[in-house]
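Contents: one structure, followed by commentary.
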Amino acid sequence: MNGIVNLVAIVILSQGKCGLSSCTTRYLVAMAMGDLLVIITGVILFKISYYYFPGSFLEIAAVCSVIAVLKRSASDCSVWFTVTFTFDRFVAICCQKLKTKYCTKQTAAMVLLTTCILLCLENIPYYFVFLSFGPPYLERQWIRAWRCQSYRTDPGWVGFGQFDMVLTPLLPFTLILLLNALTVRHILVARRVRKGLKGQNKGEKCSDPEMESRRKSAILLFTISGSFILLWLLYVIQFLYFLIAGKDPRDYKDSEYIFLEVAWMLLNLSCCTNTFIYGATQSKFREQFKRAVKYPITTFIQLMNRQNI
């Protein structure tokens, strides 16, 4: 279901009929594609196959290695595409001089492509996890051990694992909070200045198209980034607990293990919230979504009418 929702969002946004700039549209499409890949690699190829198709070819070490790279790369891209979108909206709202040069569809494509390539290269070491620590055909306990990150006993893997966790999600989490704080500060200052210039501080009422445009852009930004922060918060807390306590997840108590699983559940849930955010904040997206839903029904009715004639 989540995958279908993201696929619908990709199709609707790609048409460019939602009243959004081409730059913003590219970031939103990239985010939806990243979320879709997370569902395919992290949920379908890994978790569903683990629980419902034991002993399948997906447990061959080489196949698991490829899935590991794809899973981590998709997750990192999904997170960092949110960061690039947040930075793009920060520039659009707070940096008017840089906006004309940076907020273009060419720049968006270059930023997204560069981000994707760098993150894929960064996750290549995950290909060698099972090849280094597991048998050619993995047993069930090896899959479970990998999920708990218990293979990281070698100092090199420990260092790489910590670097990877800081890269995603700790650094993006911090950057999104910082950029949102700076954006809110700029909006409040600009609003006070424009009210003073227009005399609204004396009770006058007049429309301000520029502030209205910024308000709509800010609403989309804060809902997307706010959803990301809330749904990744437990995972970040769990990561900080893992660093501070230095406790192996295999030794977690029931309450700690439940907390970890809830964090993973919310993390996966974050891959399907953006589409609902678009529907809640963008009226034109809702219109396009209604048309997409009605299209198969109307087409079926037209075909039936033709057959009856």
Please check if the side chain of [X] supplies one atom and the backbone of [Y] the other of a donor-acceptor pair under 3.5 Å.
X      : Y      : value
Thr183 : Leu179 : yes
Ser270 : Leu267 : yes
Thr107 : Cys103 : no
Ser75  : Lys71  : no
Ser73  : Leu70  : no
Asn123 : Leu119 : yes
Ser78  : Ala74  : no
Thr168 : Met165 : no

If two hydrophobic side chains count as joined below 4.5 Å and joins carry through other members, does [X] share a cluster with [Y]?
X      : Y      : result
Ile219 : Tyr278 : no
Leu112 : Met110 : no
Leu28  : Ile12  : yes
Val66  : Ile124 : yes
Val91  : Leu220 : yes

Exercise for the section: Might you work through the side chain to side chain contact (heavy atoms under 4.5 Å, CB included) test for Phe87 and Val111, ending with a clear yes or no? Expected result: CA-CA 11 Å; Phe87 183 76; Val111 170; over 6 Å; no
Measure the [atom1]-[atom2] distance between [X] and [Y] for me, rounded to the nearest 0.5 Å.
X      : Y      : atom1 : atom2 : answer
Leu167 : Trp80  : CG    : CH2   : 5.5 Å
Phe222 : Ile187 : CZ    : CD1   : 4.5 Å
Tyr235 : Leu266 : OH    : CG    : 13.0 Å
Ile176 : Ile224 : CD1   : CD1   : 10.5 Å
Thr84  : Leu175 : OG1   : CG    : 11.5 Å
Phe239 : Ile244 : CZ    : CD1   : 10.0 Å

Handout entry: From CA spacing to verdict: side chain to side chain contact (heavy atoms under 4.5 Å, CB included), Leu37, Cys77
Key = CA-CA 9 Å; Leu37 289 175; Cys77 286; over 6 Å; no
Quick one, [X] and [Y] - any side-chain contact, counting heavy atoms below 4.5 Å?
X      : Y      : value
Ile237 : Phe259 : yes
Leu240 : Leu170 : yes
Val83  : Leu171 : no
Glu256 : Tyr241 : yes
Leu221 : Phe85  : yes
Arg291 : Tyr295 : no
Cys94  : Leu182 : no

Practice task
Start with the C-alpha distance between Arg89 and Thr24, add both sets of side-chain angles, then the distance that settles side-chain hydrogen bond (donor to acceptor under 3.5 Å, both in side chains), and finish with yes or no.
Solution key: CA-CA 8 Å; Arg89 292 300 86 197; Thr24 301; 3.2 Å; yes
[X] to [Y] - nearest heavy-atom pair and separation:
X      : Y      : result
Tyr126 : Val69  : C-CG2, 4.0 Å
Arg26  : Ala109 : NH1-CB, 3.0 Å
Pro296 : Ala292 : CD-O, 3.1 Å
Gln282 : Cys18  : OE1-O, 4.4 Å

Exercise for the section: Fit a plane to each ring of Phe163 and Phe160, take the angle between them on a 0 to 90° scale, and name the class: parallel (under 30°), tilted (30 to 60°) or perpendicular (over 60°). Expected result: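 Phe163 and Phe160: tilted rings.
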Exercise for the section: Evaluate the ring planes of Phe228 and Phe173, with Trp represented by its six-membered ring, and classify them as parallel (under 30°), tilted (30 to 60°) or perpendicular (over 60°). Expected result: tilted
Practice task
For side-chain hydrogen bond (donor to acceptor under 3.5 Å, both in side chains), just list the numbers for Thr281 and Thr223, CA-CA rounded to whole Å, side-chain angles, deciding distance to a tenth of an Å, and then say yes or no.
Solution key: CA-CA 9 Å; Thr281 60; Thr223 49; 4.8 Å; no
Exercise for the section: For side chain to side chain contact (heavy atoms under 4.5 Å, CB included), just list the numbers for Ile229 and Leu177, CA-CA rounded to whole Å, side-chain angles, deciding distance to a tenth of an Å, and then say yes or no. Expected result: CA-CA 8 Å; Ile229 290 171; Leu177 285 175; 3.3 Å; yes
Handout entry: CA sep, side-chain torsions, deciding dist, call: Leu20, Phe285, side chain to side chain contact (heavy atoms under 4.5 Å, CB included)
Key = CA-CA 9 Å; Leu20 300 170; Phe285 182 88; over 6 Å; no
